[in-house]
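Proteins come first, then strands; the chains are lettered A, B, ... in the order of their sequence lines, and each starts at number 1.
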Protein chains: 2
Amino acid sequence: MKNIGDSVHDFFTLKKQLCFAIYETAGEFTKLYTSVLHPFGLTYPQYLVLLALWEQDGITLKDLGETLSLGTGTLTPMITRMEANGWLRKERSRQDERRVFILLEEKAHAEKQAITKKVGQEIQSCHIELDEYSQLMKQLNQLQQKLKQRKS
Amino acid sequence: MKNIGDSVHDFFTLKKQLCFAIYETAGEFTKLYTSVLHPFGLTYPQYLVLLALWEQDGITLKDLGETLSLGTGTLTPMITRMEANGWLRKERSRQDERRVFILLEEKAHAEKQAITKKVGQEIQSCHIELDEYSQLMKQLNQLQQKLKQRKS
DNA sequence: TACGATTTAATCGTACACGATTTAAATAAA
DNA sequence: TTTATTTAAATCGTGTACGATTAAATCGTA
């Protein structure tokens, strides 16, 4: 009785599933961020793109995809929408025509402060303790490692 | 310096965002479950529906939605697909014609053991400790409470 | 140099996910 | 009883998300 899933009796209950707890929490975050970001004309995944680019402007679509764990099937249309909304632009590399650099537009720099401030306020309003926060981060990262390593 | 978001310096970094850690972990779970469930002709959200119905067969679409935190915009087409694949059927209430009961078909009962066994095996292959598991569950539930209560 | 393999994006098809609107049924109020 | 409100599903539009395929550019090696 040391491992998860050994006692099949009541393990397969929605409430006891870690996968569901994560699924639901992700949904809650999406809702919270959506409410904050909507006034800026941003979706939650688009905000993650901005976070990545504020750190590393001008990276390639491929690298952005690796940073966010997203494929081109998701990113290409998303970047197209963000380009249409003036957040960024695409620029094909001259050295290697296969690559596309993603570059932030002025709007993304100009709105950064306002956006992060609002997000920060909203997160603070949840009263999450610093301990709780970093503990969870640590555990989630550990769990991710295990989920990824499974392939072996 | 007690609260999250106070030090804006490097807090708005993808790697330090709890929301992103959850987002990514949810994605990893989705991939893992997808690989297990694909042979059964199930998606991960459809598996969650089965988990809910194995516990409470015959509940209404509304109650199922509340259990899974999903609206009819998501559930109606999903249930339609699962009905087409023989997992369940819909039955409109005679007492209250607005309500629709969701009832499992034989296939869902027959395959339950095989599905849960496979899922259990796959989760075990990740070597998640029981402590780790329940700790995370507890913390995620706490966090969810805080995210939901925020509305005030 | 030529040509097969690899890399990078774009495209396509399917399936969530959500807010908003619509429709029909049931209930409450006037 | 008639009307207004509420409730439950279905529908619609937009936006992820992913695997598979396609197309073009580059690279490796003979």
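B/K146 places a side-chain N or O within donor-acceptor distance of the main-chain N or O of A/H127, the cut-off being under 3.5 Å. Although no hydrogens or angles enter the test, the distance criterion places no donor-acceptor pair under 3.5 Å between the side chain of A/Q124 and the main chain of A/Q121.
Taking atom OH on B/Y44 and atom P on C/dC16, their separation rounds to 13 Å, with Å as the unit. The distance from atom CD of B/E28 to atom C1' of D/dC18 is 13 Å, rounded to the nearest whole Å. When rounded to the nearest whole Å, the span between CG of A/L32 and P of C/dG19 equals 13 Å. Atom-to-atom, CD of B/Q46 to C1' of C/dA17 comes out at 14 Å; the value is rounded to the nearest Å. The CZ-C1' distance, from A/R81 to D/dA17, rounds to 11 Å in whole Å. Rounding to whole angstrom units, CD of residue B/E83 and P of D/dA9 are separated by 14 Å. Computed from coordinates, the A/Y33 OH to C/dA17 P distance equals 20 Å when rounded to whole Å. The distance between atom CG of B/L37 and atom C1' of D/dC18, rounded to the nearest whole Å, is 15 Å.
Across all non-hydrogen atoms, the minimal contact from A/N85 to A/K107 is O-NZ, 2.7 Å. Here the shortest heavy-atom pairing between A/A52 and A/T67 reads CB-CG2, 4.2 Å. Closest approach of A/K90 to A/E83, counting heavy atoms only: N-OE2, 3.3 Å.
Put simply, B/Y23 has a side-chain N or O that comes within less than 4.0 Å of OP1 or OP2 on D/dA17. The side chain of A/Q95 places no N or O atom within less than 4.0 Å of a non-bridging phosphate oxygen (OP1 or OP2) of D/dT26. In terms of phosphate contacts, A/T34 brings no side-chain nitrogen or oxygen within less than 4.0 Å of OP1 or OP2 of C/dG19.
Pairing partner, D/dA30: C/dT1, with both Watson-Crick or wobble hydrogen-bond distances short of 3.5 Å.
A/E66 has a carboxylate O that lies under 4.0 Å from a charged side-chain N of A/K62, or vice versa, which qualifies the two as a salt bridge.
B/T80 comes within 4.0 angstrom of no nucleic acid atom, judged by non-hydrogen atoms across all strands. Using a 4.0 Å heavy-atom distance criterion, A/L70 is classed as a sugar-phosphate-only contact.
In the set C/dC16, D/dA25, C/dC18, D/dA25 carries the atom at the smallest distance from any side-chain atom of A/E97. Considering only the side chain of B/P45, C/dA17 comes nearest among C/dA17, D/dT16, D/dA17.
In this structure, the side chains of A/F20 and B/L68 come closer than 4.5 Å at one or more pairs of heavy atoms.
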Exercise. When every nucleotide of nucleotides 3-11 of chain C is labelled 5' to 3' by its protein contacts under 4.0 Å (heavy atoms), B for base, S for sugar-phosphate only, - for none, what sequence of letters results?
Worked result: ----BSBBB
